[in-house]
Amino acid sequence: MAAPTAEPVAPEPGTRPPVSAAAHRWLPPAPAARAVGAVVGGVLLYLSFPPRTLWWLVLPAFALLGFVLYGRRARAGFGYGFLFGLGFLLPLLAWTGTFVGSLPWVVLSAFEALFIGLAGAGIAVVSRLPAAPVWAAAVWIAGEAIRGRIPFGGLPWGRVGFGQPDGPLLPLAAIGGEPLLSFGAVLAGLALGELARRLVRRQSPRRMVAPALIAVLAVAAGPLAALVPATPNGDDRAVTIAAVQGNVPRLGLDFNAQRRAVLDNHVKATEQLAADVGAGRVPRPDLVIWPENSSDIDPLRNPDAAAQIDRAARAVGVPVLVGSVLRNPDGLTTSNSSLVWEGGVGVVERNDKRRVQPFGEYMPWREFFRLLSPYVDRAGYFVPGNGAGAVDMAGVRVGIAICWEVAFDDLVADSVAAGAEVLAVPSNNATFGLSEMTYQQLAMSRIRAVEHDRPVIIATTSGVSATITRDGTVTASTRQFTPDVLVDRTQLRDTTTLATRWRSAPEWALVAIGVLAIGTGIVTRRRAVRRAGRDEDG
């Protein structure tokens, strides 16, 4: 059988003939080499994500992807994009299989990689257009927009911007949210890749100007965005907020088998906080944040659980945000709720999780997925709640994004629109053990802080809890599976960023640009084919 050959590539304007033998080695490689390049690019993208601070690896990752996809047909672009997605998502989402086995993890990663394959097909189509990196980066954002919405509400985890909390492009989040941050990072990588491709093909200096200029502008966009101030609406003020991490009895899916122990841990940690305040070791907080699932015993139905929570709230003397699982009146479903509890009064406000997690908090197509994993029947029967995603605590408007809700642009934006002065992210990461999941979530919270110019308080059952300033700086954090309390003097500002004002408009603008570019690329390629046919007939 003959070895596969690369698709023919038409010569480009400005190319210096003849091409040397050395330069021939840098022409679009054979399919096997391109496949390896796609996987390596995906792995580099994964390595750019926290807990590592190798944010700059996003540049060679997309430089490689752009090189692999240049001049390819859509079908080949889909295949290489899919391989890039596997190289990225398989290690990124490894935490999903920590306690449920490899099959669900691999199936999820492969399914999500299909969306990256679609983006790869689109990037291949636009790769020969003038200023191709711009259109290709917009196509990537279109792919992320789809992946973040379908199916079952989407999986925004792994959007490129979420890997950039330590990079110089971070201020872009305050202008156009995470999508603009993703766009800037992808654009810089693709432009540098295109510049390198032209250099190794010995194209004329004139042909280097466009990709070099695009790369410079993309990298400079972050520092320039930092010069755009948020619009002030009112006076600044400071509050002291405590985040309690009570810890869990053990790792894994069975952590909540000892639900009373988890609740007792958070009560004990809060009482210790009260003792430290009384002794002058820490400042008195204005409010206290407990994590998601800190009381899996429904305190509205269980007097003993209610008494424990009230004891902690009385001891500390301020409102406590309690993460609780509540059984609904139908007797079948449950709600993942954050309750504002005042000592001696009880619940004064309630916020239910607005977007529950498929395959964890509820199981779509339960009968089908039962064939793939014995853990399916352990998924919950949670239902989403309504509401603005914000509550009042001691005169502070607190926006709430429960666990993975922080990954969804619209939910966080809704909380800020409801008047949130500070964002709380109560989470339960014990299910995922000592994995990278909690650090990935921390990175998302840092992006949200910059996006909306709001401090963020993360309180988890088992770590990593953290306090984050408006510029995305982590001022304090806990270790995993260690009981701890963070007390932070938090500066509140009543401001509005452009990202807050524009919400999803920048994302949809980029999606529209990407779709139009794909249409232009298809038309351009068809015209080129027709011209080639006429030339042959002539």
Side-chain angles (χ1 to χ4, degrees), residues 42 45 74-75 77-79 81-86 88-90 92-93 96 104-123 125 136-163 176-183 186 353-369 372-373 376 379-380 382-386 389 401-414 440-441 444 447 503-519:
L45 181 58
R75 184 170 58 184
F78 176 85
F82 177 74
L83 292 175
F84 181 89
L86 287 179
F88 170 47
L89 293 174
L90 275 172
L92 186 83
L93 300 178
T96 62
W105 156 51
V106 172
V107 170
L108 174 64
S109 300
F111 180 80
E112 294 298 321
L114 293 174
F115 293 99
I116 297 181
L118 289 174
I123 292 173
V125 168
V139 170
W140 179 270
I141 299 306
E144 287 196 336
I146 296 171
R147 186 166 71 86
R149 290 171 171 84
I150 58 173
F152 313 124
L155 182 66
W157 217 274
R159 292 157 76 189
V160 170
F162 287 148
E178 189 282 334
L180 187 62
L181 178 55
S182 278
F183 177 78
V186 174
K353 195 170 189 177
R354 293 160 286 165
R355 196 159 298 165
V356 294
Q357 182 184 2
F359 305 101
E361 292 175 311
Y362 81 99
M363 178 57 62
W365 305 349
R366 193 179 293 264
E367 293 300 324
F368 169 75
F369 285 111
L372 302 180
S373 172
V376 163
F382 286 83
V383 293
N386 299 314
I402 300 177
C403 200
W404 90 317
E405 286 187 322
V406 75
F408 293 87
D409 298 348
D410 60 324
L411 297 183
V412 181
D414 285 346
Q440 295 168 8
Q441 188 180 63
M444 296 178 194
I447 302 301
R503 291 183 62 113
S504 62
E507 180 184 29
W508 289 118
L510 291 170
V511 169
I513 291 170
V515 172
L516 289 173
I518 291 172

query = Quick one: does Trp404's side chain have a donor or acceptor within less than 3.5 Å of a partner on Arg355's backbone?
reply =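 Pair found, side chain donor or acceptor close to backbone of Arg355.
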query = Under the 3.5 angstrom rule, does the side chain of Arg354 hit a backbone N or O of Leu411 as a donor-acceptor pair?
reply =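 Confirmed, Arg354 side chain pairs with Leu411 backbone.
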Is the shortest heavy-atom distance from the side chain of [X] to the side chain of [Y] under 4.5 Å?
X      : Y      : answer
Leu93  : Leu155 : yes
Asp410 : Ser504 : no
Leu510 : Ser182 : no
Pro364 : Pro358 : yes
Lys353 : Phe382 : no
Gln440 : Phe162 : no

Spacing of [X] atom [atom1] and [Y] atom [atom2] [to the nearest 0.5 Å]:
X      : Y      : atom1 : atom2 : answer
Phe82  : Phe115 : CZ    : CZ    : 12.0 Å
Leu108 : Leu90  : CG    : CG    : 9.5 Å
Trp157 : Thr96  : CH2   : OG1   : 10.5 Å
Leu92  : Leu86  : CG    : CG    : 12.5 Å

inquiry  = Check this for me, if you would: do Asp414 and Arg503 make a salt bridge, where the nitrogen-to-carboxylate-oxygen distance has to be below 4.0 angstrom?
reply    =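 Judged by the 4.0 Å cut-off on N to carboxylate O distance, Asp414 and Arg503 do form a salt bridge.
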ask   = What residues form a ring-ring contact (aromatic ring centres under 6.0 Å, His included) with Phe359, not counting sequence neighbours?
value =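 For Phe359 the ring-ring contact (aromatic ring centres under 6.0 Å, His included) partners, ignoring immediate neighbours, are Phe152, Phe369.
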Which atom pair, heavy atoms only, marks the closest approach of [X] to [Y]?
X      : Y      : result
Ile116 : Leu89  : CD1-CD1, 4.0 Å
Asp409 : Arg159 : OD2-NH2, 2.8 Å
Ala74  : Ala121 : O-CB, 3.3 Å
Pro156 : Ala407 : CB-O, 3.4 Å
Gly176 : Pro179 : O-CD, 3.7 Å
Ala119 : Gly143 : CB-CA, 4.4 Å

request  = Using the side-chain contact (heavy atoms from CB on, under 4.5 Å) rule, take Val412 and Met444 through it: C-alpha gap first, then chi angles, then the decisive distance, then the call.
outcome  = CA-CA 11 Å; Val412 181; Met444 296 178 194; over 6 Å; no
task = Output, in order, the C-alpha distance, side-chain angles, deciding distance and verdict of side-chain contact (heavy atoms from CB on, under 4.5 Å) for Leu118 and Phe78.
result = CA-CA 6 Å; Leu118 289 174; Phe78 176 85; 4.1 Å; yes
message = Would Gln357 and Cys403 count as a side-chain contact (heavy atoms from CB on, under 4.5 Å) here? Give the steps.
response = CA-CA 9 Å; Gln357 182 184 2; Cys403 200; 5.8 Å; no
ask   = For Phe183 and Val160, what are the C-alpha separation, side-chain angles and deciding distance, and is it a side-chain contact (heavy atoms from CB on, under 4.5 Å)?
value = CA-CA 8 Å; Phe183 177 78; Val160 170; over 6 Å; no
